[in-house]
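What follows is a short report on a single structure.
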Amino acid sequence: MTHTEHKNGDIWLDIDGEPIQVHGGGMLLHQGVYYWYGENKDSENAVGAEGALLDRVDVIGVSCYSSTDLLNWKNEGVVLPAVSDNPEHDLHPSKVAERPKVIFNAKTGKFVLWLHIDTGDYKYARTGVAVSDSPTGIFTYQRSFQPLGADSRDMTVYQDDDGVAYLLHSSDWNATLHIARLSDDYLNVTGVSVLAFEKGYREAPAIFKRNGRYYLISSGCTGWNPNPAQVAVAESVLGEWHVQGDPCEGEGAETTFHTQSTFVIPGKDGKFVLMTDRWRPKDLRQSGYAWLPIDWDGDRLILRWRDTWSGL
Ligand code: DGJ
């Protein structure tokens with residue numbers, strides 16, 4: 001089945017007519033193909049999970065879909081699967097594995113996947129790393145850790161034009177965003193790091209670069225419930241970050257149109273698209289997607305609701 005558009009806010013279908021399962025996702029463009037990675041939540045919500053703070057589904061793994069037009073998505077399968085036979089493993093179904101992001105390291109030829117690893121009570125608070133020779137996996141899980149000893153929950157990774165990559169993660173129980181430069185092989189953080197938005201309580205970071213400046217869209221911290229977005233601007237990934245405010249305009253602006261940011265796709269002709277999730281806490285597998293092209297008023301970023309996504 002071929003798609004010419006998807007309805008924003010709904011769960012979208014792949015080319016086989018099946019619901020796309022890549023929540024909290026990110027995008028990699030590699031050799032002309034877009035690879036969309038995210039959380040596969042294709043299960044009933046888990047009931048009575050011990051110690052679980054919030055609604056959750058058992059971990060299935062990270063799924064990947066591929067496309068050349070950002071509309072018609074082929075299911076490439078679960079590229080980092082849960083590990084069911086070891087309750088201690090970071091990827092055991094009882095754990096939390098969220099917001100996977102993949103970057104390609106041209107020096108090592110490896111695809112490197114970073115994600116948020118946690119226990120159901122969100123106290124483990126680590127970042128995990130996995131590696132593959134192919135964008136469609138299977139990724140080999142390496143380890144999880146707390147970057148520079150700091151707790152790590154929502155996160156993203158960003159690869160700059162010069163090949164330098166960074167980890168941005170919510171830390172200090174989400175009060176502060178930590179930004180750390182990655183090692184050349186992208187498998188670890190270096191000691192080059194900064195704190196941003198101290199006591200700002202930002203989650204769901206999505207970063208991109210336009211005309212030499214960096215923009216960071218994030219959400220507040222209200223669990224699965226939507227809240228206002230915030231944009232910040234900097235001359236360097238390591239800051240200093242200046243808050244520009246809430247970019248949303250129009251009906252629903254105060255809840256980011258009932259969505260939460262996850263990634264910005266740098267598209268053709270300098271166009272950018274914010275990928276968001278519309279979470280359904282009581283039935284997480286049905287959580288929807290809404291992709292919003294970014295508008296500009298000079299250097300000021302503006303987000304407006306669009307009923308459909310129909311490509312770039
Ligand atoms: C908000 C985060 O942005 C999500 O990734 C997820 O961790 C939920 N909280 C859980 O409530």
Side-chain angles (χ1 to χ4, degrees), residues 11 21-27 36-43 45-47 49-63 80 82 90-91 93-102 113-128 144 146 151-157 167-178 196-197 200-207 216-232 248 255-264 274-290:
I11 188 155
Q21 286 291 337
V22 273
H23 309 281
M27 195 69 68
W36 183 9
Y37 302 89
E39 304 155 29
N40 186 322
K41 290 191 165 328
D42 195 10
S43 167
N45 273 27
V47 281
E50 202 184 332
L53 265 186
L54 299 152
D55 295 303
R56 62 183 299 283
V57 294
D58 282 350
V59 174
I60 295 168
V62 175
S63 272
L80 180 68
D90 284 352
L91 295 171
S94 62
K95 303 288 174 67
V96 165
E98 292 181 337
R99 298 192 173 272
K101 305 286 178 285
V102 175
L113 186 160
W114 288 71
L115 78 173
H116 170 198
I117 294 289
D118 225 317
T119 41
D121 58 6
Y122 283 84
K123 288 184 179 161
Y124 193 50
R126 289 172 166 235
T127 184
S144 72
Q146 293 201 324
D151 60 321
S152 180
R153 294 184 179 83
D154 274 15
M155 45 67 65
T156 192
V157 286
L167 170 71
L168 297 85
H169 65 100
S170 305
S171 192
D172 310 332
W173 274 102
N174 294 340
T176 306
L177 190 80
H178 290 211
F197 318 118
Y201 288 92
R202 307 311 304 165
E203 282 191 318
I207 181 175
L216 180 65
I217 303 174
S218 61
S219 76
C221 299
T222 52
W224 296 116
N225 298 322
N227 54 54
Q230 177 190 280
V231 175
C248 297
T255 60
T256 319
F257 317 109
H258 202 124
T259 73
Q260 188 184 29
S261 47
T262 186
F263 195 83
V264 172
L274 176 66
M275 298 164 57
T276 74
D277 296 286
R278 178 170 284 179
W279 300 114
R280 292 179 195 262
K282 297 298 172 202
D283 193 7
L284 283 162
R285 77 191 316 173
Q286 295 290 349
S287 297
Y289 310 105

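Counting convention: from 1, in listed order, for ligands and their atoms alike.
The aromatic rings of His116 and Tyr122 lie tilted to each other, with the angle between the two planes from 30° to 60°.
Near Asp154, meaning under 4.0 Å from any of its heavy atoms, are these atoms of ligand 1: 2 (C), 3 (O), 4 (C), 5 (O), 7 (O). Ligand-side atoms of ligand 1 in range of Trp224: 6 (C), 8 (C), 10 (C), 11 (O), range being under 4.0 angstrom from any heavy atom. In summary, the atoms of ligand 1 found under 4.0 Å from a heavy atom of Leu54, numbered by their order in the structure, are 10 (C), 11 (O).
The single protein non-hydrogen atom nearest to atom 5 (O) of ligand 1 is Arg99 NE, 2.9 Å, given as residue, atom name and distance. The protein atom (non-hydrogen) at minimum distance from atom 9 (N) of ligand 1 is Gly223 O, 3.4 Å.
No donor-acceptor pair closer than 3.5 Å links the side chain of Arg99 to the backbone N or O of Gly24. Side-chain atoms of Asn40 come within 3.5 Å of backbone atoms of Asp42 as a donor-acceptor pair (strictly under, hydrogens ignored). Without hydrogens or angle criteria, Glu203 side chain to Gln260 main chain gives no donor-acceptor distance under 3.5 Å.
Of the heavy atoms in Arg153, none comes closer than 4.0 Å to ligand 1.
The residues Arg285 and Asp283 are annotated as not salt-bridged, no charged nitrogen and carboxylate oxygen being separated by less than 4.0 angstrom.
Checked against the 6.0 Å centroid threshold, Tyr37 and Trp114 do not count as a close aromatic pair.
Which of Glu98, His23, Gln260, Met155 comes nearest to atom 7 (O) of ligand 1 through a heavy atom is settled by distance: it is Glu98.
Tyr122 counts as a contact of ligand 1, since one of its heavy atoms falls under 4.0 Å from the ligand.
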